[in-house]
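A short worksheet on the structure shown next.
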Amino acid sequence: MKRAIFPGTFDPFTVGHYSIVMRGLTFFDEIIIGIGLNQAKKTLFSVEKRLDLITQAFKEEPRVKIASYNSLTVDFAKSVDADYILRGLRSVGDFEYERTVADANRKLTGIETVILFTEAEYSYISSTVARDLISYGKDISAFLPPNVKI
Ligand code: ADP
């Protein structure tokens, strides 16, 4: 069984994240979406709300599981018996960071990171822009996965 984790902050989970998971399911048997709580980042959405939005997105998809974690990402991967980390890449801005973390994780534990390029139509979608829109009272439904309501 090929199992991957898809770690992130997901503040909030967007259609860009959704697309990466759905594409990941074409070659992974199971994907565990891990909401990382250990970062010093202050989030707009509570962990309960973030879990709720992701649960809505995947309620018809039994091969996707959702959890939160408070440890190093590789330790979370080991704890759920996953050999892969799935990540998405939008731009060269994402590239250096993703490569450094992927290299460190592989050297430390042998866990491979699989990176998918974003679909062009989602390359402008980010949690940061979604939060900015919310702060100005704008609707973000176009940023959310299908069938997800804030
Ligand atoms: P983190 O704080 O770990 O970067 P995020 O929630 O911002 O967590 O993102 C999780 C993963 O999803 C990262 O690999 C990020 O590059 C990817 N991602 C975010 N938005 C998109 C998008 N629109 N298309 C593809 N991948 C994306």
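Positions are given from 1 along the sequence. We count ligands from 1, going down the list as the structure has it; atoms in each ligand are counted the same way.
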To the nearest 0.5 Å, what is the distance between CZ (Arg87) and CG (Asp94)?
-> 8.0 Å
Does Glu119 approach ligand 1 within less than 4.0 angstrom via side chain, backbone, both or neither, non-hydrogen atoms only?
-> neither
Judging by distance only, is a nitrogen or oxygen of Phe10 under 3.5 angstrom from one on ligand 1?
-> yes
Any N or O on Gly88 sitting closer than 3.5 Å to an N or O of ligand 1?
-> yes
Centroid-centroid distance, Phe13 to Phe143, less than 6.0 Å | no
State if Gly36 counts as touching ligand 1 under the rule of any non-hydrogen atom under 4.0 Å.
-> no
Using a heavy-atom cut-off of under 4.0 Å, does the side chain or the backbone of Phe6 touch ligand 1, or both, or neither?
-> side chain
Look only at the side chain of Asp75 and the backbone of Ser71, and say whether a donor-acceptor pair between them is shorter than 3.5 Å.
-> no
Scanning both residues in full, the closest heavy-atom pair of Ser126 with Thr14 reads C-CG2, 4.2 Å
Taking only residues at least two apart or on different chains, which pairs with a member in residues 18-30 satisfy salt bridge (charged side-chain N to carboxylate O under 4.0 Å, His left out)?
-> Arg3-Glu30, Glu30-Lys65
Pair Arg106 + Asp103: basic N to acidic O under 4.0 Å = yes
Distance flag, aromatic centroids of Tyr18 and Tyr122, threshold under 6.0 Å | no
Are any of the N/O atoms in Tyr122 less than 3.5 Å from those in ligand 1?
-> yes
Could you list the atoms of ligand 1 found under 4.0 angstrom from a heavy atom of Thr118?
-> 22 (C), 24 (N), 25 (C)
Under 4.0 Å between heavy atoms, the region of Ser126 that gets near ligand 1 turns out to be neither
Please say whether Ile125 places an N or O atom under 3.5 Å from an N or O atom belonging to ligand 1.
-> yes
Per atom 9 (O) of ligand 1, closest listed option by heavy atom (His17, Arg90, Arg23) = His17
Any atoms of ligand 1 less than 4.0 Å from a non-hydrogen atom of Ile20? List them with their elements.
-> 25 (C), 26 (N)
Atoms of ligand 1 less than 4.0 Å from Pro7 heavy atoms?
-> 10 (C)
Judging by distance only, is a nitrogen or oxygen of Ser127 under 3.5 angstrom from one on ligand 1?
-> no
At under 4.0 Å between heavy atoms, what of Thr9 touches ligand 1? The answer is both
Do any pairs count as a salt bridge (charged side-chain N to carboxylate O under 4.0 Å, His left out) and have a residue in residues 116-143, sequence neighbours left out, and if so which ones?
-> Asp11-Arg131
Just wondering, are more than 12 heavy atoms of other shown residues or ligands nearer than 6.0 Å to CZ in Phe117?
-> no
